[in-house]
Undergrad: 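A single structure is presented below for examination.
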Amino acid sequence: MFKAESGSLRFSSATATEAASGQQNANRTNGRGTAPGDIGFVGLGRMGTAMAKNLAAAGRRVIGCVRRPEQMGMLLALGLKPTTNLADLFGCEVVISMLPDDEAVREVACGRQGHNGLAAGLRPGAIHLSMSTISTAAASQLASAHARYGQGYVAAPVFGNPDAAKARQLFIVAAGAPADVERCRPLLDQLGQRTFVVGDDPAHANLIKLMGNMLTATALEILGETVALMRKRGLDPARFVELMTSTMFGGRVHRIYGERIVAQDYVAGFALPLALKDVRLPLAEAESASVPMPSVGVVRDRMMTGIARGYGELDWTALGLIAADEAGAPVARCAAP
């Protein structure tokens with residue numbers, strides 16, 4: 001994920017200035033070396049790299065765009081065609097983005113001063129498949145930008161972590177024009193275990209993803225609090241979680257994350273700063289709809305506490321560590337950074 005890696009996207013694009021407009025037209029014609037069926041990929045962090053690798057393993061020709069030339073060898077080893085030039089993706093039929101936030105996706109899609117983004121560069125009929133977790137406002141803006149150029153825009157955010165991405169076990173929530181979603185479906189089938197199509201408005205897919213992340217975050221908070229209490233009272237928290245997940249709380253979130261919180265496993269799959277972004281976004285959606293969400297506000301503040309305490313490199317399971325800290329419950333030496 002570009003934002004997490006360095007804070008700002010800086011591709012060596014040669015497009016979008018008046019002097020380069022003729023070159024852009026040539027790119028639309030010859031695709032800068034692309035072939036029919038080529039897939040572009042932007043956002044090769046842990047999640048994106050696992051996803052792009054799966055596409056390549058399935059026989060897709062994937063052009064991966066990265067910022068730093070030193071990353072290109074790694075992409076070659078994974079079977080991808082690497083580039084540092086976003087314009088090399090302009091001839092692709094579908095470009096997938098897996099970026100960390102609104103700003104990063106807007107910059108890739110809409111460009112920045114002196115450089116075109118995907119909307120101005122892709123051919124008419126191409127599709128931007130946005131698999132990032134972003135706001136509904138950003139999704140609507142990007143859909144409109146691509147529509148102006150005769151392109152498709154499909155939102156398809158995912159539920160799952162990098163391990164799930166590697167194993168093709170992601171759950172995908174997709175929305176966009178039905179024909180565009182169907183064109184993307186073979187790719188989605190190669191990336192996840194199930195795709196839920198929720199309509200033709202891309203913003204709806206992002207809203208559902210945000211609400212799902214909100215449910216997960218609040219579950220992690222209460223799991224952390226209850227495990228801290230069990231541990232402080234001298235009971236075995238593992239037996240407690242096993243009992244709960246074998247009876248009333250058998251969902252994936254309680255089982256997977258409950259076991260990790262008990263094990264004091266805070267190795268980042270979804271680091272706290274990114275999790276905090278995904279909590280702030282649903283709070284903004286709630287505010288715009290005049291829907292109070294006080295429990296989510298608590299989780300936001302707990303994540304901010306963790307980051308302030310130096311836990312920013314840890315997973316959002318560190319909500320359990322924060323709860324243990326505040327309860328004065330025993331914490332394994334290896335749990336703290």
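In what follows, residues are counted from 1 in the order of the sequence shown.
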Undergrad: Hey, any chance Met304 and Met214 share a hydrophobic cluster, counting ILVMFWY side chains that come within less than 4.5 Å of each other, even indirectly?
TA: yes

Undergrad: With a 4.5 Å cut-off on side-chain heavy atoms, are Ile134 and Leu142 touching?
TA: yes

Undergrad: I'd like to check the salt bridge (Lys or Arg N to Asp or Glu O under 4.0 Å) partners of Asp265; sequence neighbours left out, ordered by chain and number.
TA: Arg260

Undergrad: Show the numbers, then the answer: is there a side-chain contact (heavy atoms from CB on, under 4.5 Å) between Leu274 and Thr133?
TA: CA-CA 10 Å; Leu274 285 175; Thr133 300; over 6 Å; no

Undergrad: Is the closest side-chain heavy-atom distance between Thr136 and His204 below 4.5 Å?
TA: no

Undergrad: Considering residues at least two apart in sequence or located in another chain, which fulfil the salt bridge (Lys or Arg N to Asp or Glu O under 4.0 Å) criterion with Asp102?
TA: none

Undergrad: For Val267, which fellow cluster members are found when Ile, Leu, Val, Met, Phe, Trp and Tyr are connected by side-chain heavy-atom distances below 4.5 angstrom, either directly or through intermediates?
TA: none

Undergrad: Does Val253 reach the side chain of Leu215, with side-chain heavy atoms less than 4.5 Å apart?
TA: no

Undergrad: For a side-chain contact (heavy atoms from CB on, under 4.5 Å) check, start with the C-alpha distance between Met230 and Asp236, then their side-chain angles and the critical distance, and finish with the verdict.
TA: CA-CA 7 Å; Met230 291 294 151; Asp236 182 356; over 6 Å; no

Undergrad: For Glu285 and Ser135: C-alpha separation, side-chain torsions, deciding distance, then whether side chain to side chain donor-acceptor pair (under 3.5 Å) applies.
TA: CA-CA 8 Å; Glu285 299 285 349; Ser135 69; 5.2 Å; no

Undergrad: Distance check, rounded to the nearest 0.5 Å: Ile39 atom CD1 versus Ile96 atom CD1?
TA: 6.0 Å

Undergrad: Using the rule given for side-chain contact (heavy atoms from CB on, under 4.5 Å), can you reason through Met131 versus Leu129, listing the C-alpha separation, both sets of side-chain angles and the distance that settles it, and then say yes or no?
TA: CA-CA 6 Å; Met131 305 190 77; Leu129 178 58; 4.1 Å; yes

Undergrad: Could you give all pairs that pass the side chain to side chain donor-acceptor pair (under 3.5 Å) test and reach residues 210-224, with sequence neighbours left out?
TA: Asn213-Asp278, Glu221-Arg302

Undergrad: Please examine the side chains of Leu319 and Met303, heavy atoms only from C-beta on, and report whether any two atoms are closer than 4.5 Å.
TA: yes

Undergrad: Could you tell me the separation between the CG atom of Leu44 and the CE atom of Met74, rounded to the nearest 0.5 Å?
TA: 7.0 Å

Undergrad: With sequence neighbours excluded, tell me which residues meet side-chain contact (heavy atoms from CB on, under 4.5 Å) with Ile222.
TA: Glu225, Thr226

Undergrad: Begin from the C-alpha positions of Leu89 and Thr83 and carry the test side-chain contact (heavy atoms from CB on, under 4.5 Å) through to its verdict.
TA: CA-CA 9 Å; Leu89 278 56; Thr83 182; 3.9 Å; yes

Undergrad: Just wondering, do Pro124 and Gln151 contact through their side chains at under 4.5 Å, heavy atoms?
TA: no

Undergrad: Of all heavy-atom pairs between Asn161 and Leu170, which one has the smallest distance, and what is that distance?
TA: O-CD2, 4.1 Å

Undergrad: Is it true that, when you exclude Lys166 itself, more than 12 heavy atoms of the residues, nucleotides or ligands shown sit nearer than 6.0 Å to its NZ?
TA: no

Undergrad: With a cut-off of 3.5 Å and sequence neighbours excluded, list every side-chain donor-acceptor pair involving residues 290-299.
TA:
none

Undergrad: Do Arg168 and Met51 have side chains that approach each other closer than 4.5 Å (heavy atoms only, starting at C-beta)?
TA: no

Undergrad: What is the ring orientation for His254 with Phe249, classed by angle as parallel under 30°, tilted 30 to 60°, or perpendicular over 60°?
TA: tilted

Undergrad: Which pair of heavy atoms, one from Gly250 and one from Arg255, lies closest together, and at what distance?
TA: O-NE, 2.8 Å

Undergrad: I need the minimum non-hydrogen distance between Gly64 and Leu75, along with the two atoms involved.
TA: O-CD1, 3.9 Å

Undergrad: Nearest 0.5 angstrom please: Gln141 CD to Cys110 SG, how far?
TA: 5.0 Å

Undergrad: Looking at every non-hydrogen atom in both residues, tell me the closest pair between Pro202 and Gly176 and how far apart they are.
TA: CG-CA, 4.3 Å

Undergrad: What residue pairs, at least two apart or across chains, pass side chain to side chain donor-acceptor pair (under 3.5 Å) with a residue in residues 182-197?
TA: Arg60-Gln190, Gln169-Gln193, Glu182-Arg185

Undergrad: Can you list the residues that meet the side-chain hydrogen bond (donor to acceptor under 3.5 Å, both in side chains) rule with Asp315, with sequence neighbours excluded?
TA: Thr317

Undergrad: With sequence neighbours excluded, tell me which residues meet salt bridge (Lys or Arg N to Asp or Glu O under 4.0 Å) with Arg106.
TA: none

Undergrad: Any pair with a residue in residues 116-139 that passes ring-ring contact (aromatic ring centres under 6.0 Å, His included), sequence neighbours left out, goes on the list, sorted by first then second residue, please.
TA: His128-His146, His128-Tyr153

Undergrad: Heavy-atom distance under 4.5 Å between the side chains of Tyr311 and Tyr266, does that happen here?
TA: no

Undergrad: Leu229 and Met244: same hydrophobic cluster, using ILVMFWY side-chain contacts below 4.5 Å?
TA: no

Undergrad: Can you see which heavy atom on Phe90 is nearest to which on Gly121, and at what distance?
TA: CB-O, 3.4 Å

Undergrad: Got a salt bridge between Asp38 and Arg61, using NZ or NE/NH1/NH2 to carboxylate O under 4.0 Å?
TA: yes

Undergrad: Can Leu235 be reached from Val331 by stepping across I, L, V, M, F, W or Y side chains whose heavy atoms are under 4.5 Å apart?
TA: yes

Undergrad: If every non-hydrogen atom of Ala175 is compared with every non-hydrogen atom of Ala205, which pair is closest and at what distance?
TA: CB-CB, 3.8 Å

Undergrad: Can you tell me how far apart NZ (Lys277) and CG (Asp101) are? Round to the nearest 0.5 Å.
TA: 6.0 Å

Undergrad: Transitive ILVMFWY cluster of Val198 at side-chain heavy atoms under 4.5 Å: who else is in it?
TA: Phe159, Phe171, Val173, Phe196, Ile208

Undergrad: What I want to find out is whether Arg309 reaches Glu326 closely enough, with some N-O distance under 4.0 Å, to be called a salt bridge.
TA: yes

Undergrad: For Thr49, enumerate each residue passing the side-chain hydrogen bond (donor to acceptor under 3.5 Å, both in side chains) test, keeping only those at least two apart in sequence or located in another chain.
TA: none

Undergrad: Nearest 0.5 Å please: distance from the CG atom of Leu281 over to the NZ atom of Lys209.
TA: 10.0 Å

Undergrad: Just wondering, do Leu122 and Tyr149 contact through their side chains at under 4.5 Å, heavy atoms?
TA: no

Undergrad: Just verifying a value: how many Å separate Leu80 CG and Cys65 SG, rounded to the nearest 0.5 Å?
TA: 11.5 Å

Undergrad: Between the side chain of Arg231 and the main-chain N/O of Val262, is any donor-acceptor distance below 3.5 Å?
TA: yes

